[in-house]
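Worksheet: one structure, shown below.
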Amino acid sequence: MKRLILFFILASSICQAQELQRFNPDTVLTIRLDSAVSIKGERINVQMFINKVTSDTSFYEAFRKMKQYSFTAENRIFTFDKKNRVEGKIYRKIFHNNQGKYKMQYLAKQDSGKLFKKNGKYQLYTVEMFDYIFMNAYNSDFVKSAPTTSGDKKGNESYKDKLKTLLFTPGRPVKGVPLIGSKTEIFSPNMRQYYDYTFFSGSYLDTIPIYTFKVKVKDDLSGWTKSGLMIKELNTIFDKRNMQILGRSVTMNYGNMVFDFDVKMNIEMGYFDQGETILPTKITYEGNWDVPFKKEERASFLILHKGYKKEH
């Protein structure tokens, strides 16, 4: 049960939480909003965006399609002590070669600081799950079926399944996580009283016209009510020209007698193959979480994917 709770907190972090007073690797500004005024139109409305977010499968497909390409990934991981001083660093530059039988080739591999236990395993569960999810995802993790929360899987397969639900189908309940499973249902009739749903016009990477659909906790709620809402903000980026999802971030902050966390994660996509295919280009994570009888974990990740080449 402890592993399940710890995993959920990491998985929850598709996030863009409040600023943490420490090093933040995500310094690239890729989105510009034209104004803070919601757009109004007969065909463009909040319910349309909710339907798109809850039914979309293309975001998941973008990750699955990585297996058809060779590409280079640069992964940077930073861990921190309680005073937010850098405690450990991991750098990996990896060439994922999908020409013929898949091969993962390390171009650079550097570690420093406090990272590993005596048995060779990572000290932080956050880093262990990062390595497990993002390293294996390139090889065999993403399959044709969309993410589910059926509860049939066990162990790490179950944990990965819950992560996929949060990343690719936000708004659905995450089964099997005590105290917080239903708190992810931000589009349910009961939860709508606590959130504002708005959308804005803007640009992505300076050239792509987009809509940003924002789900945010209402400002006029009491502090007690806000503290009981786990998802503080969810943003989804849509290409205006075809309504394809190009990015997603979620702000999450929650605490109870069992654990507390404050995390953020952001995923961005780009067009490849003359604009025919959408693939992941940047993933960032930053967060703190604390569970009884475990060391408080603080970490930041930056993942960049470059040089996609279609392999036949």
Side-chain angles (χ1 to χ4, degrees), residues 3 6-7 9-11 13-15 20 22-28 62-81 84-142 156-157 159-160 163-164 167 263-270 272 279-289 295-311:
R3 282 173 62 85
L6 298 185
F7 169 80
I9 297 169
L10 170 61
S13 338
I14 14 179
C15 321
L20 303 174
R22 68 172 188 227
F23 176 78
N24 180 357
D26 187 10
T27 58
V28 182
F63 277 82
R64 195 174 72 83
K65 287 179 179 178
M66 287 192 303
K67 295 172 65 175
Q68 302 172 15
Y69 292 78
S70 294
F71 64 96
T72 300
E74 284 196 78
N75 303 338
R76 291 175 173 84
I77 305 174
F78 298 83
T79 64
F80 305 88
D81 62 18
N84 288 318
R85 297 173 298 195
V86 175
E87 194 171 51
K89 298 179 183 180
I90 297 174
Y91 174 72
R92 300 284 188 271
K93 188 173 184 179
I94 304 167
F95 179 56
H96 296 276
N97 189 346
N98 277 296
Q99 186 173 23
K101 186 177 180 180
Y102 171 80
K103 292 183 294 184
M104 187 171 67
Q105 301 168 299
Y106 284 96
L107 305 179
K109 188 176 181 181
Q110 300 172 356
D111 301 326
S112 63
K114 298 179 181 179
L115 296 169
F116 302 96
K117 299 177 183 178
K118 291 182 179 180
N119 61 8
K121 293 184 177 181
Y122 289 112
Q123 285 194 12
L124 300 188
Y125 187 72
T126 309
V127 179
E128 178 185 338
M129 289 308 299
F130 164 88
D131 188 72
Y132 183 81
I133 294 165
F134 290 108
M135 297 291 282
N136 286 286
Y138 305 130
N139 191 7
S140 60
D141 187 45
F142 289 93
N156 284 335
E157 287 300 316
Y159 306 152
K160 288 192 294 180
L163 172 61
K164 291 177 189 177
L167 284 174
V263 290
K264 67 179 180 179
M265 187 169 175
N266 180 68
I267 298 175
E268 297 181 19
M269 305 289 190
F272 298 88
L279 296 167
T281 56
K282 184 173 74 170
I283 302 167
T284 62
Y285 166 94
E286 183 179 25
N288 303 348
W289 55 266
K295 178 183 177 181
E296 181 181 3
E297 300 205 1
R298 303 181 177 213
S300 296
F301 310 147
L302 171 60
I303 306 167
L304 298 175
H305 292 177
K306 303 175 182 178
Y308 281 106
K309 179 183 177 183
K310 184 70 174 288
E311 305 291 0

What are the two closest non-hydrogen atoms of Met104 and Ile94, and how far apart are they?
-> CG-CG2, 3.1 Å
Is there a side-chain contact between Thr79 and Lys114 (heavy atoms, below 4.5 Å)?
-> no
Check against side-chain contact (heavy atoms from CB on, under 4.5 Å), Asn97 and Tyr102 | CA-CA 6 Å; Asn97 189 346; Tyr102 171 80; over 6 Å; no
Can you say whether the rings of Phe301 and Tyr285 are parallel (under 30°), tilted (30 to 60°) or perpendicular (over 60°)?
-> parallel
Leu304 to Lys282 - nearest heavy-atom pair and separation = CD2-CG, 3.6 Å
Are the side chain of Thr72 and the backbone N or O of Gly307 linked by a donor-acceptor pair below 3.5 Å?
-> no
When you check the gap from the basic side-chain N to the acidic O, do Glu87 and Arg85 get nearer than 4.0 Å?
-> no
Exercise: identify the closest heavy-atom pair between Pro280 and Ala62 | CD-O, 3.5 Å
Of all heavy-atom pairs between Ala73 and His305, which one has the smallest distance, and what is that distance?
-> CB-CD2, 3.7 Å
Could you tell me which non-hydrogen atom of Asp111 sits nearest to which non-hydrogen atom of Arg92, and how far apart they are?
-> OD1-NH1, 2.7 Å
Check step by step if side-chain contact (heavy atoms from CB on, under 4.5 Å) holds for Ile267 and Phe63.
-> CA-CA 11 Å; Ile267 298 175; Phe63 277 82; 3.8 Å; yes
Quick one: closest heavy-atom pair of Ser70 and Gln99, and the distance?
-> OG-N, 3.7 Å
Are Asn98 and Lys310 close enough, and set up right, to give a side-chain contact (heavy atoms from CB on, under 4.5 Å), and what steps lead you there?
-> CA-CA 9 Å; Asn98 277 296; Lys310 184 70 174 288; over 6 Å; no
Where does the angle between the aromatic ring planes of Tyr308 and Phe272 fall among parallel (under 30°), tilted (30 to 60°) and perpendicular (over 60°)?
-> perpendicular
